[in-house]
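No hydrogens, no waters, no symmetry mates; every other heavy atom, side chains included, goes into these values. Note that ligands are numbered from 1 as they come in the structure, with each ligand's atoms numbered from 1 the same way.
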Amino acid sequence: MENEVQKKRILSGIQPSGDLTLGSYLGAIKNWAALADEYDCYYMLADMHTITVRQVPADLRRRTLTQVAAYIACGLDPEKNVLFVQSHVPAHAQLAWVLDCYTMFGELSRMTQFKDKSAKNADNINAGLFTYPALMAADILLYQADLVPVGGDQKQHVEICRDIATRFNGVYGDVFKLPEPYIPQVGARVMSLTTPENKMSKSDKDQNGCVYMLEKPEDILRKFKKAVTDSDACVRYDPAAKPGVSNLMQIYSVATGRSYGEIEQEFDGLGYGDFKKAVGEAVVELLRPIREETERLLADKAYLESVYRTGAEKASYVANRTLSKVYKKVGFLAR
Ligand code: AQP
């Protein structure tokens, strides 16, 4: 226990807003699994964030449970990591309300993700979508997290979280630890296979651009076969001039451990057909054990339930300590 207190704490999460993708794996979960020995790790399933966009309730429930299984199958040992569902820990909603009152309209208006998501969901620009960063700040600050592993696209959210915490601490003293974003070097941004200028996103309507973690091998191979490249028939890493090929190289590099130089040599003189086939096969092999283990775990609902229940208890313990401190500071009468 003493030892755990010494370890730096990590908090991160993924929304069950769609089936997990190769981007979710390479950009997030794969990196998390390596951190368990060095850090005190909390990983949530951010279901409360998910309802900022309309969901089919039964699908959301199914995806949340599948995501618990997938976290474990990707190597997040529940004995070493706290795995929990955000809505199971009410302190997230409770702190989010307090932080809403310390978050400025102007700073929320500048968030890129709000602009992107409101453009995509023009018929449902709800207040939750707008105040999402205050909930995300609550997610992080409740656990007094030192580090927040996120893809490059999420850095702005960690920055606003620091701004909110600094504002709050400025009034009440050191209540919150200021978190740092922790952005992995490799696989930081996996792009769509059909529009490589865009991030591979699990709620993308274009399913061909997205490779899902639990997808069948034949579908994965077909998607890579159709992946967008360019017309100069040369496997070379240049994200600005060759976004499609560079994205495939990045994926292949993470899947095989080969450097860009080695990959350029391997496909020197060969066509894109051979290259795309090799990338597809490497991804199939990378994801195969994860798919098989997820399916095995999904057959054991009692085990999954025990994992997320224990996770909620452990998370609540830490979260409630921070929440009590905050309630006291802002002047709420103790119950
Ligand atoms: N394509 C990606 N490349 C690298 N990292 C990625 N992440 C997601 N997609 C990629 C990282 O996964 C973490 C969790 O993301 P999230 O699900 O909470 O939200 P998101 O970034 O909005 O993910 P999606 O797939 O794009 O979801 P939707 O479609 O619902 O918006 C983050 O650390 C993210 O960087």
Side-chain angles (χ1 to χ4, degrees), residues 10-33 35 41-56 59-60 63-64 66-68 70-71 74 76 85-86 92 111-121 124 128-129 132-133 135-137 139-140 145 147-159 161 179-207 209-214 223 227 239 243-244 246-248 250-251 253-255 283:
I10 275 187
L11 179 284
S12 200
I14 296 184
Q15 302 183 58
S17 52
D19 294 333
L20 293 174
T21 70
L22 184 63
S24 329
Y25 179 57
L26 297 183
I29 315 174
K30 182 172 186 278
N31 304 303
W32 299 350
L35 302 171
C41 298
Y42 288 71
Y43 297 115
M44 63 174 185
L45 295 96
D47 57 346
M48 289 165 65
H49 287 285
T50 305
I51 62 162
T52 54
V53 174
R54 289 282 173 273
Q55 303 292 327
V56 176
D59 288 350
L60 178 57
R63 286 196 307 258
T64 307
T66 306
Q67 198 170 305
V68 177
Y71 274 10
C74 288
L76 298 179
V85 180
Q86 185 185 26
H92 289 253
M111 301 304 288
T112 322
Q113 183 164 305
F114 173 68
K115 292 184 205 159
D116 290 351
K117 289 215 168 170
S118 36
K120 276 192 203 159
N121 301 281
N124 182 23
L129 198 60
Y132 173 113
L135 177 58
M136 182 161 162
D139 300 335
I140 299 167
L147 295 173
V148 185
V150 285
D153 56 309
Q154 290 282 347
K155 203 168 156 223
Q156 201 185 22
H157 283 133
V158 183
E159 277 159 12
C161 169
E180 301 281 345
Y182 182 85
I183 299 171
Q185 290 303 306
V186 191
R189 206 161 157 82
V190 179
M191 312 308 277
S192 157
L193 298 188
T194 47
T195 46
E197 311 71 37
N198 301 331
K199 183 179 91 151
M200 184 181 283
S201 270
K202 55 185 134 46
S203 60
D204 195 341
K205 299 212 166 44
D206 175 14
Q207 303 231 328
C210 224
V211 173
Y212 299 99
M213 265 172 54
L214 306 178
K223 288 183 179 179
S246 303
N247 185 39
L248 294 174
Q250 179 189 223
I251 294 170
S253 171
V254 187
V283 169

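Atom CD1 of Ile51 has 12 or fewer heavy atoms from other residues, nucleotides or ligands within 6.0 Å. For OH of Tyr212, the number of neighbouring non-hydrogen atoms (other residues, nucleotides, ligands) closer than 6.0 Å is greater than 12.
Remark: ligand 1 atoms within the under-4.0 Å shell around heavy atoms of Val150 are 33 (O). The Lys199 neighbourhood of ligand 1 comprises atoms 1 (N), 2 (C), 8 (C), 9 (N), 20 (P), 21 (O), 22 (O), 23 (O), 24 (P), 26 (O), with distances under 4.0 Å to a heavy atom of that residue.
If you look at Met200 next to ligand 1, the close heavy atoms, those under 4.0 Å, come from the backbone and the side chain alike. Of the heavy atoms in Met191, none comes closer than 4.0 Å to ligand 1. Of the heavy atoms in Ser201, both backbone and side-chain atoms come closer than 4.0 Å to ligand 1. Within the 4.0 Å heavy-atom criterion, both parts of Ser203, backbone and side chain, lie near ligand 1.
Using a 3.5 Å distance cut-off with no hydrogens or angles, the side chains of Thr50 and Gln55 do not pair a donor with an acceptor. Looking at Gln86 and Asp139, their side chains do bring a donor and an acceptor atom within 3.5 Å of each other. Side chain to side chain, Ser192 and Lys199 fail the donor-acceptor criterion of an N or O pair below 3.5 Å.
Looking at Val190, Thr50, Val53 and measuring to atom 1 (N) of ligand 1, the nearest heavy atom belongs to Val190. Between Gly18, Ser12, Gly23, it is Gly23 that holds the heavy atom closest to atom 10 (C) of ligand 1.
Checked by distance only, ligand 1 and Gln15 come closer than 3.5 Å through their nitrogen or oxygen atoms. In terms of polar-atom proximity, Lys202 is counted as a contact of ligand 1, with an N or O under 3.5 Å from an N or O of the ligand. Some N or O of Ser17 is nearer than 3.5 Å to an N or O of ligand 1, by distance alone.
Ligand 1 has at least one atom lying under 4.0 Å from a heavy atom of Lys117. At least one heavy atom of Gly13 sits under 4.0 Å from some atom of ligand 1.
In terms of heavy-atom proximity, Pro16 sits nearest to Leu60 at O-CD1, 3.5 Å.
Atom CG in Leu20 sits 7.5 Å away from atom SG in Cys74 (nearest 0.5 Å).
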Report the C-alpha distance between Leu129 and Phe114 in whole Å, list the side-chain angles of each, state the deciding distance to 0.1 Å, and finish with yes or no for side-chain contact (heavy atoms from CB on, under 4.5 Å).
CA-CA 7 Å; Leu129 198 60; Phe114 173 68; 4.2 Å; yes

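In this structure, Trp32 and Tyr43 have parallel ring planes: the angle between them is below the 30° cut-off, well short of the 60° mark.
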